[in-house]
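Index from 1, following the sequence.
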Amino acid sequence: MLPEQKMDSMRFLYSKGVLSCSSDAPPITTFLESLPGSYTTTRTHENGTTLLFWERHLKRLSNSTRILLNSNPELIFKTNKKSPLLFSPFPVTALKWESRIRSLVSNSLSQVLPIALKERSKGEELAVTALVSGDIEKLKAMKNVGGGGDDDDKGVFQVLDLHLHIGSYIPPVFGIEESGAHLALVGHGRDLADAKYSDWVRLRKPLEKLRPPSVTELLLSNDGDRILEGCITNFFVICQRDMSEAEGKYLDGYNNVYSVEVQTAPVSDGVLPGVIRELVIEVCHSKGIPVCEVAPSWEKHRLWEEAFVTNSLRVLQHVETIKVPQPWESLKSKCFEGISWIEKKFEGPGIITKVIQKEIMERASTESHPLNESI
């Protein structure tokens, strides 16, 4: 189960023209495990009146769909491993893809969102997941799919279905002690991280047996030192830096030269290009906060002053503890009890984390999509 949603929460699923409610709609994890495809998840904001960073999410969903179709179509279509799917790349412009994806999502939203908003309890927001999946039977029935003609984009969209899952969600309060994240480094990085796809929910399941008690997110690394990301989050640290390189760097409203920099693994290392990750980097640039796209090194964890994780439901969550196995090879154990852990503790959200979080939430108000435009 994703930690953001409860099993007994209000749920809706709109799939192939059929609306399922409450007990007839599966939990979000079950839904994602049941269908292949690209997906994106966001939530409502400001008491259910807007969708957070909706335009960015539509663009990400479009990009993920194109990437999967052109490189790993089996992650879009349920296929027989003995009969691999032969699929030619689609010469479709990004603009056309975004337009088609927007149309698919908008049509589904208009069917279910008004009902979900009426059922929403006071103090709750709505978690919204849009998944694009392929219909293998329609694909088999078509001829010359991806053949290079002018109507290739129309052809592929005839074999794609949009599934929309909506559930209730209570956002954590930023900054209070009990709302911090507790992390543990337990596994290797993912494949094809530049696209967000549902099969990752199944692939990461074996890592759960290594989750120590009270840990809220699992971190990934290929060598036990350079930390890439979390299973469902991007990971950031605020690390002490060489002051000789910091000359002339100031924070708006402060008169202190930065002695630290924000670090997060680059997309080229194999991390998901998360929507909030992108925003954090933009905010750092706009505020003059030094930011370096480099995987944070556990060997230098004594230089880490702050840490936080991001995703589109939590937005930004400060980190309270990080556990790392010693030695790295001990992860071959079948459960967390057989592993020795080294723990790094942080004292609540630091000043840089607070500045970044505040700016992102301000942008949430300016970039959010009014729901009255979707229904």
Side-chain angles (χ1 to χ4, degrees), residues 180-190 193 207 210 212 215-231 233-251 254 256-274 276-278 280-281 283-285 287-311 316-331 336 339-357:
H182 297 272
L183 315 179
L185 184 62
V186 300
H188 292 268
R190 71 180 86 188
L207 299 178
L210 300 175
V215 163
T216 59
E217 170 66 319
L218 303 177
L219 295 176
L220 307 175
S221 172
N222 289 328
D223 59 10
D225 176 46
R226 294 172 296 172
I227 300 178
L228 301 174
E229 60 182 341
C231 282
T233 62
N234 287 114
F235 174 70
F236 297 79
V237 301
I238 288 81
C239 184
Q240 294 176 22
R241 66 197 297 255
D242 186 346
M243 284 300 294
S244 65
E245 300 177 357
E247 193 171 347
K249 296 290 185 179
Y250 295 88
L251 171 63
Y254 294 84
N256 297 319
V257 175
Y258 273 111
S259 61
V260 297
E261 67 182 6
V262 177
Q263 296 180 350
T264 192
V267 171
S268 59
D269 275 4
V271 303
L272 183 73
I276 307 301
R277 177 190 181 277
E278 179 183 44
V280 169
I281 294 172
V283 166
C284 287
H285 288 317
K287 289 291 187 181
I289 301 173
V291 58
C292 184
E293 291 189 67
V294 60
S297 170
W298 177 252
E299 288 186 359
K300 299 180 180 179
H301 72 271
R302 291 179 180 82
L303 300 178
W304 298 354
E305 297 188 357
E306 308 171 32
F308 60 87
V309 291
T310 62
N311 71 13
L316 188 152
Q317 182 181 31
H318 75 277
V319 171
E320 293 188 5
T321 62
I322 301 176
K323 295 179 186 291
V324 171
Q326 292 296 317
W328 171 246
E329 291 74 21
S330 65
L331 285 179
F336 72 88
I339 302 173
S340 296
W341 303 90
I342 294 177
E343 186 175 76
K344 167 83 174 178
K345 294 183 178 181
F346 300 89
E347 295 183 4
I351 185 172
I352 307 299
T353 300
K354 290 178 179 178
V355 168
I356 294 171
Q357 189 271 346

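Side-chain contact check for I356 versus C284: some heavy-atom pair is nearer than 4.5 Å. For the pair L331/I339, a side-chain contact is recorded, criterion being any heavy-atom separation below 4.5 Å from C-beta on. Here the side chains of I352 and F236 are not in contact, with every heavy-atom distance at 4.5 Å or above. A 4.5 Å side-chain heavy-atom check between L219 and I322 finds at least one atom pair inside the cut-off. Between V262 and I238 there is a side-chain heavy-atom pair separated by less than 4.5 Å. Residues Q357 and P349 form no side-chain contact, since every pair of their non-hydrogen atoms from C-beta on lies 4.5 Å or further apart. The shortest distance between side-chain heavy atoms of F346 and H318 does not fall below 4.5 Å. Looking only at side-chain heavy atoms (C-beta outward), L228 and N222 come within less than 4.5 Å of each other.
Using the six-membered ring where Trp is involved, H188 and W328 have ring planes that are perpendicular, over 60° apart on the 30 and 60° scheme. A parallel orientation is assigned to the rings of H301 and W298, their planes being inclined by less than 30° (bins at 30° and 60°).
Contact detail for H182 and V215: the closest heavy-atom pair is O-CG1, 3.3 Å. Pairing each heavy atom of P273 with each of A193, the nearest pair is CD-O, 3.4 Å. Between C231 and L220, the shortest heavy-atom distance links the atoms SG-CD2, 4.0 Å. The heavy-atom pair separating A181 from L183 by the smallest distance is CB-CD2, 3.9 Å. Shown here for P266 and R277, the closest heavy-atom pair between the two residues is CA-NH2, 3.6 Å. Closest of all the heavy-atom pairs between V291 and H285 is CG1-CE1, 3.5 Å.
Within 6.0 Å of atom CZ in R190, more than 12 heavy atoms from other residues, nucleotides or ligands are found, so the atom counts as buried in its surroundings.
Electrostatic pairing of E306 and K354 does not count as a salt bridge here, judged by no charged N lying under 4.0 Å from a carboxylate O.
For the atom pair I227 CD1 and W304 CH2, the distance stands at 4.0 Å (nearest 0.5 Å).
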